[in-house]
Amino acid sequence: MAIFDKFQHIVEALQELAESGVDTINVVMEQIISPTEAMINGRHTILAGTNNYLGLTFDPDCIDAACKAVHDQGTGTTGSRMANGTYAGHVALENDLADFFGCRGTIVFSTGYVANLGVLAALAGPEDVILLDADCHASIYDGCRLGGADVIRFRHNDVNDLEKRLKRLGERTENALILVEGIYSMLGDRAPLADIAAVKNKYGAYLLVDEAHSVGVLGENGRGLAEEAGVEDSVDFIVGTFSKSLGSIGGYCASNHPELELIRYASRPYIFTASPSPSIIASTRAALAAMRARPELRQRLWDNARRLYQGLQEMGFVLGPEPSPIVAIRLGNKAEALSLWTGLLEHGVYVNMVLPPATPDNFPLLRCSMSAGHSSEQVEHICEAFDSLRKVAQAS
Ligand code: PMP
């Protein structure tokens with residue numbers, strides 16, 4: 001059994017959860033009804049924890065495109081592009097993304113996680129140095145490890161701390177890559193990107209922004225925080241995912257550097273995994289077209305996000321620092337989080353629960369993600385569920 005001994009802490013954590021009678025991990029959506037509704041435990045439930053920001057998973061154009069691609073091209077590519085060939089759809093999607101971002105090139109990866117692994121493993125080797133925001137996503141940390149660069153963490157969203165650490169590097173700044181996110185996935189806060197870009201330019205470093213949660217969400221054209229902050233020219237690499245506002249699965253890197261193309265040849269996570277299937281490519285292209293053609297989706301998303309943020313704030317919940325489609329509720333302890341999460345599910349509302357050490361400041365979080373697909377009645381229902389549970393908790 002020795003090889004399994006390392007899992008003991010997991011066994012204990014699962015046992016503790018089982019004893020509390022709450023299983024937050026193995027929630028099964030028995031039937032998916034719409035982008036914002038499913039049957040869970042036999043109950044009609046509003047989904048408020050999906051990252052389905054634009055609600056495009058049931059968009060008729062996306063579904064038609066996916067169905068047609070399955071009929072015309074089959075269910076899968078059955079191999080990687082390097083070894084087994086590229087489909088025309090892969091190239092078309094890369095061209096669509098380059099056109100959208102107004103940049104020279106893009107590379108499509110099989111997931112957003114793989115995009116970070118693939119880019120960082122190829123780009124930041126042992127002779128390079130990475131400065132990363134402490135709250136960056138696990139895929140960024142894992143990509144850093146795979147590439148083998150020196151990794152320096154700076155305090156979350158603290159530009160002074162970043163500059164102090166950059167200054168210490170001396171001439172190594174030309175081998176330095178700064179990594180931040182557009183919207184951070186746990187608390188929904190934005191990076192201070194204009195200041196970060198100014199520091200990057202001052203020291204001649206490179207800047208990569210993971211816009212997984214911000215493409216389709218921020219910027220006049222939905223190009224993310226770099227667009228909103230007016231610093232697209234200072235961002236060397238944008239990494240993103242198809243699994244959130246674009247409603248499918250896959251990832252990409254966009255850049256104006258002609259050397260981006262070389263990453264394909266140096267990136268094991270690109271070379272040694274199967275390429276996205278034709279239906280995924282087709283629905284993603286249709287979703288990107290919908291995102292560009294329908295800015296009202298972004299407006300609706302923000303209306304819903306602000307309504308929930310404001311409603312919970314008025315109820316006295318401790319929230320992430322700014323309104324965002326990710327609305328994070330900080331709770332005092334695990335028991336409180338479990339009880340609220342369970343209560344919400346009983347009220348027909350599904351949100352995400354995040355427990356330490358996965359949370360930024362070691363307090364448990366309930367994390368809601370809002371969608372353009374939520375109706376105002378659904379947003380009201382979510383607010384009412386929180387309110388009645390808060391009143392019950394206060395009374396007890
Ligand atoms: N980057 C960030 C910031 C993320 O939050 C996520 C997923 N939650 C990813 C990358 C990975 O994306 P994917 O789910 O497409 O693998």
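Atoms within a ligand are numbered from 1 in the order they appear, just like the ligands themselves. Along the sequence shown, residues are numbered consecutively beginning with 1.
- Close approach to E181 involves these atoms of ligand 1, each under 4.0 Å from a residue heavy atom: 3 (C).
- Salt-bridge annotation for K200 and D236: present, with a side-chain N of the basic residue lying under 4.0 Å from a carboxylate O of the acidic one.
- Atom 10 (C) of ligand 1 has its nearest heavy-atom neighbour, among T241, I326, D210, in D210.
- For atom 16 (O) of ligand 1, the closest heavy atom belonging to the protein is Y113 N, 2.8 Å.
- Taking the charged nitrogens against the carboxylate oxygens, K68 and D64 have no contact shorter than 4.0 Å, which rules out a salt bridge.
- In this structure, R330 is positioned above the aromatic face of F363, its NZ or CZ under 6.0 Å from the six-membered ring centre and within 45° of the axis.
- Ligand 1 lies within reach of S139, whose nearest heavy atom is under 4.0 Å from it.
- Between Y252 and the options F242, F109, F100, a ring pair (Phe, Tyr, Trp, His ring centres under 6.0 Å) holds for only F242.
- E211 has no carboxylate O lying under 4.0 Å from a charged side-chain N of R223, or vice versa, which leaves the two without a salt bridge.
- Of the N or O atoms in S243, one or more lie within a sub-3.5 Å distance of an N or O in ligand 1.
- At under 3.5 Å, a nitrogen or oxygen of G112, whether backbone or side chain, sits near a nitrogen or oxygen of ligand 1.
- Of the protein's heavy atoms, H137 CE1, 3.5 Å lies nearest to atom 9 (C) of ligand 1.
- Checking M186, H213, E211 against atom 5 (O) of ligand 1, the nearest heavy atom belongs to H213.
- Nearest non-hydrogen protein atom to atom 8 (N) of ligand 1 is K244 NZ, 2.9 Å.
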### Task
Apply the test ring pair (Phe, Tyr, Trp, His ring centres under 6.0 Å) to residues F237 and H257: give CA-CA distance (whole Å), side-chain angles for both, the deciding distance (0.1 Å), then the verdict.
CA-CA 8 Å; F237 305 96; H257 290 287; 5.5 Å; yes
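- A salt bridge links D59 with R294: the distance from a Lys NZ or Arg NE/NH1/NH2 to an Asp or Glu carboxylate oxygen falls below 4.0 Å.
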